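Owing to the predicted nature of the structure, the values given are computational and were not obtained by experimental measurement.
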Amino acid sequence: IAFMSHSPGGLVQCGDWALAYCVFSMNADGSDPRQITVSKDGEWDPFLLPDGTIGFTRWEYVMKFWSPIQMLWSVRPDGTNPQMIYGSDLGRKYAYPLNYASARPIPGTNKVVASFSPGHGRAEHMGHVTIVDPSAGPDVSTATKRVSQGNQMFRDPYAISEECFLVANTQGIFVMDGQGNTELVYKLS
């Protein structure tokens, strides 16, 4: 099981109020918790990739003025081979600021779906639902395909397939197809 924890006690660079989270793993029974990444600025949203590595988003504070600041990374379950799998070139394609929030694998593919989000604020993690193909390399801006239409903003995309997603916003939970068409399936009261 992969999870995030701030137990190492680090603080992010922007202030002494924000804790830096790192990726940990443990056995299914909760035994043998181990820190497998080290981050001075924070990591979030672990997910399992088809090759058995753990994907996550990492805050790259020092790169925030020229590149997306929350990029996609992976690490082996034993903590070896941490590497950025996507995000460094997109500052040229999309407007800053940009984070890849709530990334999740797309079943039957090597791709992930994420919310391309503006970052902090009231709409944190709300953004355009976008498919990312990390196999193209970490710097290839054409390896993304925006799914949501127009100014539609969603969070927490969950792939059923490459053509079907569950997404959420302040109105409720929607089913979205591969062309960005949506249907409300649960309305928030």
Side-chain angles (χ1 to χ4, degrees), residues 1-88 90-91 94 96-106 111-130 132 134 138 153-159 165-170 173 188:
I1 297 173
F3 64 97
M4 312 312 293
S5 175
H6 60 77
S7 63
L11 298 171
V12 300
Q13 294 182 55
C14 61
D16 61 0
W17 53 271
L19 300 168
Y21 286 75
C22 297
V23 180
F24 282 70
S25 68
M26 68 180 174
N27 296 330
D29 65 1
S31 65
D32 195 25
R34 297 177 286 147
Q35 183 177 348
I36 60 173
T37 66
V38 176
S39 175
K40 61 182 176 37
D41 291 317
E43 299 164 337
W44 295 273
D45 302 327
F47 57 94
L48 187 62
L49 289 161
D51 65 1
T53 59
I54 298 168
F56 58 97
T57 56
R58 172 178 274 174
W59 186 273
E60 290 293 339
Y61 197 89
V62 297
M63 299 167 73
K64 70 185 281 185
F65 295 105
W66 68 272
S67 181
I69 52 179
Q70 191 168 313
M71 298 181 238
L72 298 174
W73 282 68
S74 71
V75 65
R76 291 182 182 143
D78 64 1
T80 59
N81 200 33
Q83 61 181 323
M84 184 181 64
I85 59 173
Y86 201 73
S88 66
L90 294 183
Y94 297 98
Y96 171 83
L98 181 68
N99 298 307
Y100 311 123
S102 306
R104 293 291 177 259
I106 298 175
K111 300 174 183 176
V112 297
V113 62
S115 172
F116 279 27
S117 162
H120 289 312
R122 207 178 56 153
E124 190 165 346
H125 295 279
M126 295 279 284
H128 300 292
V129 175
T130 305
V132 178
M153 303 287 265
F154 297 95
R155 62 176 296 142
D156 304 315
Y158 183 86
F165 309 92
L166 293 176
V167 296
N169 66 18
T170 57
I173 299 172
L188 294 174

Contact check, side chains of Met153 and Asn169, non-hydrogen atoms, under 4.5 Å:
no

State the CD1-CG distance between Ile54 and Leu48, to the nearest 0.5 angstrom.
7.0 Å

Please tell me if the side chains of Asp156 and Arg104 come closer than 4.5 Å, counting only heavy atoms from C-beta onward.
no

Between His6 and Tyr21, how do the two ring planes meet: parallel, tilted or perpendicular, split at 30° and 60°?
perpendicular

Taking the side chain as every heavy atom from C-beta outward, state whether Ile85 and Pro138 have any atom pair closer than 4.5 Å.
no

Would you confirm whether the ring centroid of Phe116 sits within less than 6.0 angstrom of the ring centroid of His128?
no

Closest heavy-atom pair, Ser7 versus Phe24, reported as atoms and distance to 0.1 Å, is OG-CZ, 3.3 Å

What heavy-atom pair brings Pro134 and Lys111 nearest, and what distance separates the two atoms?
CD-CA, 4.2 Å

Worked verdict on Asp78 versus Ile36 for side chain to side chain contact (heavy atoms under 4.5 Å, CB included):
CA-CA 6 Å; Asp78 64 1; Ile36 60 173; over 6 Å; no

Between Val75 and Thr80, the two heavy atoms sitting closest are CG2-O, 3.5 Å

Side-chain (Gln35) to main-chain (Thr37) donor-acceptor, under 3.5 angstrom:
yes

Say whether, by atom type as modelled, one donor and one acceptor occur between the side chain of Ser115 and the main chain of Phe154 under 3.5 angstrom.
yes

What about the rings of Tyr158 and Phe165, do their centers lie closer together than 6.0 Å?
no

Below 4.5 Å, heavy atoms only, C-beta onward: do Pro33 and Ser25 meet side chain to side chain?
no

Test Val112 against every option in Thr130, Ile106, Leu49 by the side-chain contact (heavy atoms from CB on, under 4.5 Å) rule and name the one that passes.
Leu49

Minimum heavy-atom separation for Phe47 to Pro105, with atom names?
CD1-CD, 3.8 Å

Residues in salt bridge (Lys or Arg N to Asp or Glu O under 4.0 Å) with Arg34, at least two apart?
Asp32

For residues Met71 and Thr57, determine if any side-chain heavy atom of one lies less than 4.5 Å from a side-chain heavy atom of the other.
no

When rounded to the nearest 0.5 angstrom, what distance separates CZ in Arg58 from SG in Cys22?
8.0 Å

State, to 0.1 Å, how close Ser39 and Ala20 come at their nearest heavy-atom pair, and which atoms those are.
O-CB, 3.8 Å

Closest non-hydrogen contact found for Met4 with Val23 is CE-CG2, 3.6 Å

Check whether any side-chain heavy atom of Ser74 sits under 4.5 Å from a side-chain heavy atom of Gln83, and report yes or no.
yes

